[in-house]
Amino acid sequence: MSKIYLITSVFIVFLILSFGINQFLVLKRAHSNFENYYTFRGCVQLLEKKADYGVCKTGSGETIKIVKYNNKWYLDGDLPWACLGGICFGL
């Protein structure tokens, strides 16, 4: 019986780690340049683009501002609050 628990536990840990690594890679790619973040946020129409920000309209009709912060792109007002070893965390 304990062998089944061990195999199940290892499988669950593997799934959680796989999901976490996948999310990390998706977010890293999204924040890397304006075009990737534009797509990540679901923008369908570019309204304005400057070197450090852009404004676009999403598929739901919402107008959002995307800003450059520490050479990465974020939703305005959703900037990270702490960085550790090049990995930034937000609320």
Side-chain angles (χ1 to χ4, degrees):
M1 190 72 124
S2 64
K3 193 174 188 178
I4 292 174
Y5 288 132
L6 178 63
I7 292 171
T8 303
S9 298
V10 168
F11 182 70
I12 290 171
V13 168
F14 174 77
L15 286 177
I16 292 170
L17 285 174
S18 296
F19 178 76
I21 291 168
N22 181 58
Q23 286 300 105
F24 172 78
L25 294 173
V26 165
L27 290 174
K28 183 176 180 179
R29 183 173 192 270
H31 290 291
S32 67
N33 63 48
F34 180 81
E35 291 75 20
N36 289 348
Y37 201 71
Y38 176 94
T39 302
F40 176 75
R41 282 294 175 178
C43 293
V44 294
Q45 182 183 10
L46 182 62
L47 302 175
E48 182 180 7
K49 170 95 168 57
K50 301 289 183 184
D52 58 347
Y53 76 93
V55 179
C56 70
K57 188 173 281 199
T58 65
S60 65
E62 182 183 8
T63 300
I64 62 171
K65 184 176 182 181
I66 299 170
V67 296
K68 191 173 189 178
Y69 175 75
N70 282 344
N71 238 7
K72 294 182 180 179
W73 292 90
Y74 298 93
L75 183 64
D76 189 29
D78 193 22
L79 300 176
W81 54 269
C83 294
L84 178 63
I87 300 173
C88 296
F89 305 93
L91 295 175

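We count residues from 1, following the sequence as given.
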Verify, without hydrogens or angle tests, whether [X] (side chain) and [Y] (backbone) share a donor-acceptor contact under 3.5 angstrom.
| X | Y | answer |
| --- | --- | --- |
| Thr8 | Tyr5 | no |
| Asn70 | Lys72 | no |
| Tyr38 | Leu46 | yes |
| Tyr53 | Glu48 | no |

Quick check for you: to the nearest 0.5 Å, what is the distance between [X] atom [atom1] and [Y] atom [atom2]?
| X | Y | atom1 | atom2 | value |
| --- | --- | --- | --- | --- |
| Ser9 | Ile4 | OG | CD1 | 11.5 Å |
| Gln23 | Ser18 | CD | OG | 12.0 Å |
| Ile66 | Arg41 | CD1 | CZ | 8.0 Å |
| Cys56 | Tyr37 | SG | OH | 10.0 Å |
| Ile64 | Lys57 | CD1 | NZ | 12.0 Å |

Same cluster or not: are [X] and [Y] linked, directly or through other Ile, Leu, Val, Met, Phe, Trp or Tyr residues, by side-chain heavy atoms under 4.5 angstrom apart?
| X | Y | value |
| --- | --- | --- |
| Leu47 | Val67 | yes |
| Val55 | Trp73 | no |
| Ile21 | Phe24 | yes |

Which is it for Val26 and Phe40 under the side-chain contact (heavy atoms from CB on, under 4.5 Å) test, yes or no, and what are the steps along the way?
CA-CA 9 Å; Val26 165; Phe40 176 75; 4.2 Å; yes

Does Lys28 NZ have over 12 foreign heavy atoms under 6.0 Å away?
no

Taking only residues two or more places apart in sequence or in another chain, which ones pass side-chain hydrogen bond (donor to acceptor under 3.5 Å, both in side chains) with Asp52?
none

Using side-chain contact (heavy atoms from CB on, under 4.5 Å), reason through Ile7 and Lys3 one step at a time and then give a plain yes or no.
CA-CA 6 Å; Ile7 292 171; Lys3 193 174 188 178; 4.2 Å; yes

Going by the angle between their ring planes, with limits at 30° and 60°, are Tyr69 and Tyr74 parallel, tilted or perpendicular?
perpendicular

